[in-house]
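Residue numbers run from 1 in the order of the sequence given. The structure presented is a predicted model; accordingly, all values stated were derived computationally and were not measured. Note that ligands are numbered from 1 as they come in the structure, with each ligand's atoms numbered from 1 the same way.
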Amino acid sequence: MAANIIPLTQRPAWKALQDHYHKIKDLHLRSLFAEDPHRAERLSVEGLGIYLDYSKNRITDETLRLLLNLAETSGIRARIEAMFRGEKINITEQRAVLHVALRAPKDASILVDGANVVPEVHAVLDKMADFANRVRSGDWKGYTGKRIRNVVNIGIGGSDLGPMMAYEALKHYSDRNLTVRFVSNIDGTDIAEATRDLDPAETLFAVCSKTFTTLETLTNAQTARDWCLKALGDKKAVAKHFVAVSTNGEEVAKFGIDTANMFEFWDWVGGRYSYDSAIGLSLMIGIGPDQFRGMLSGFQAMDEHFRTTPFEKNLPVLLGLIGIWYINFFEAETHAILPYDQYLWRLSAYLQQLDMESNGKHVDLDGNVVGYHTGPIIWGQPGTNGQHAYYQLIHQGTRLIPCDFIGFCQSTNPLGPHHNLLMANFFAQTEALAFGKTSKEVEAEGVPASLVPHRTFEGNHPTNTILAAKLTPEMLGKLIALYEHKVFVQGTIWNINSFDQWGVELGKMLANRISQELANHVEPKLEHDSSTNILLRRYLRLRSAD
Ligand code: G6Q
């Protein structure tokens, strides 16, 4: 059911924002800061150890008031409650959306079809912890009796990006005697490179697939199985070297993995929202159950914050609203995520899926084509690398690119001057993006007149600064839940279903027909369009050439 009967762009809250946009669109951050020495104090908020400074955005108090009014009139509160209550808000798949149940405390009660799912969640967490401890301690042995030293996660999309991003983010807290790798691509290079220096007798594969029917994952798992059995010679070895994470016990058994070594999750967990479920098994083996639980407590704290904090102090709501301001009124196409922490080097890739798969939708909940933009293109790389590459376009290009800068006051690897220098860049960039450098300032530096336009920085480029004390498992949980709920806020305002992914499903089917044609040894009768036919013939001709 649609949350609002009046289309979004016809609603008074939206129209008021449109009028307001025309009034303030040319205001410069330079004057907004000059006119109000307390701007940064007012336009910032702290919650759960996360300090969000949103003062370097092209907003006034009135903008904020109107955005908050939009939030209040968009049914967000009711939808948050519906999600937490286990209602089937993923209407196109008739599913509840309960990633929040994955981190609910033991004594909580969250009902799906009348049954409390929290005890099952904790039973799986306990089973994971027991298994992770056995692998970490050497109690779980490979088929030949050697201890497991390598864990290879096989999955793709939501069954890969989350645990991979989080393992990289929390590597500092991981057991360095274990090698943890992630294989996702169906390109044989991925599994070949991941296994080439490993001993099969010491390697455990965690095959992660919600459906256990995904071509990439099953092909990689089959290759891993062949690689393992070639060395170990006995099918019985599979039970010691393969575990599965899935909702589909039947397919897991068909593959040959003992369902006793299967870790379950549920259809009410979306793939891109699943790394704090059993999909995080490899991560848990890497960092240990205590750190994993620390991470879950961070998620849970942000869930509570989101559910209970008034909107004007609510971190996900504020981030969501500021995003809407740029996407729908300034017509910004993209949004950059710029973490100033090397461990977060896969964060942007992870958030790319979370945001773009959730809110990359063109129809509303009633199936009507929306008359406004929805999810932005998310991109980014860790600072300071980006500064030596694409920041040029953010500073001096023709597009408006709102950015989130994420940084930490303490380094996980304090080393001489490194952290101060990293953070000096972090602060300097948002300052430069906001305030730029006027032609007068450039002239005053003695720059020749012909170069002045080239060396002038317009400024007025908006940024959010997200600053926390230190990257810990708990903090990572808070950050990820912050973005999950930001996506939720935006999806609710746009009145779209953030929880289906028909585009992904299409991709899963598209290659089937062609893969059958390519499997033939005789040239198949091709009945595609002329472009595809020619390309396929060329491939068939050249594929066996040296
Ligand atoms: C996530 C998507 C998608 C999914 C992968 C893997 O929300 O649905 O990225 O996670 O396609 O699917 P399986 O886990 O079923 O293999």
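When only modelled atom types and interatomic distance are considered, Asp529 and Thr532 share a side-chain donor-acceptor pair under 3.5 Å. Neither side chain, Trp379 nor Ser348, offers a donor N or O lying under 3.5 Å from an acceptor on the other.
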Acceptor/donor pairs from residues 151-166 side chains to any protein atom, 3.5 angstrom cut, sequence neighbours excluded:
unit_1	atom_1	unit_2	atom_2	d
Asn153	OD1	Ser282	OG	2.8
Asn153	ND2	Ser159	O	3.4

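Between the side chain of Asn116 and the main chain of Ile110, a donor-acceptor pair closer than 3.5 Å is present.
Looking at atom 12 (O) of ligand 1, its nearest protein heavy atom turns out to be Lys508 NZ, 3.3 Å. What sits closest to atom 5 (C) of ligand 1 on the protein, heavy atoms only, is Ile156 O, 3.5 Å. Atom 3 (C) of ligand 1 has Glu357 OE2, 3.7 Å as its closest protein atom, hydrogens excluded (heavy atom only). Shortest contact from atom 9 (O) of ligand 1 to any protein heavy atom: Gln353 NE2, 2.7 Å. What sits closest to atom 10 (O) of ligand 1 on the protein, heavy atoms only, is Gly158 N, 2.9 Å. For atom 15 (O) of ligand 1, the nearest protein heavy atom (residue, atom name, distance) is Thr211 OG1, 2.6 Å.
Atoms of ligand 1 lying under 4.0 Å from at least one heavy atom of Gln501, given by number and element, are 7 (O), 8 (O). In summary, the atoms of ligand 1 found under 4.0 Å from a heavy atom of Ser159, numbered by their order in the structure, are 10 (O), 13 (P), 14 (O). The ligand atoms of ligand 1 that sit less than 4.0 angstrom from a heavy atom of Ser209 are 13 (P), 14 (O), 15 (O), 16 (O).
Put simply, no part of Glu505 is less than 4.0 Å from ligand 1, judged by heavy atoms.
Taking the six-membered ring for Trp and the full ring otherwise, Phe408 and Tyr340 have centroids separated by 6.0 Å or more. A ring-centre distance under 6.0 Å is found for Trp227 and Phe205. The distance between the ring centers of Phe299 and Tyr275 falls below 6.0 angstrom.
The nearest non-hydrogen atom to atom 13 (P) of ligand 1, considering only Ile154, Thr214, Asn248, Val504, comes from Thr214.
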* Start with the C-alpha gap between Trp494 and Ser74, add the side-chain angles, then the distance that decides, and say whether side chain to side chain contact (heavy atoms under 4.5 Å, CB included) holds. => CA-CA 9 Å; Trp494 289 322; Ser74 294; over 6 Å; no

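Contacts with ligand 1 closer than 4.0 Å are made by heavy atoms of both the backbone and the side chain of Arg272.
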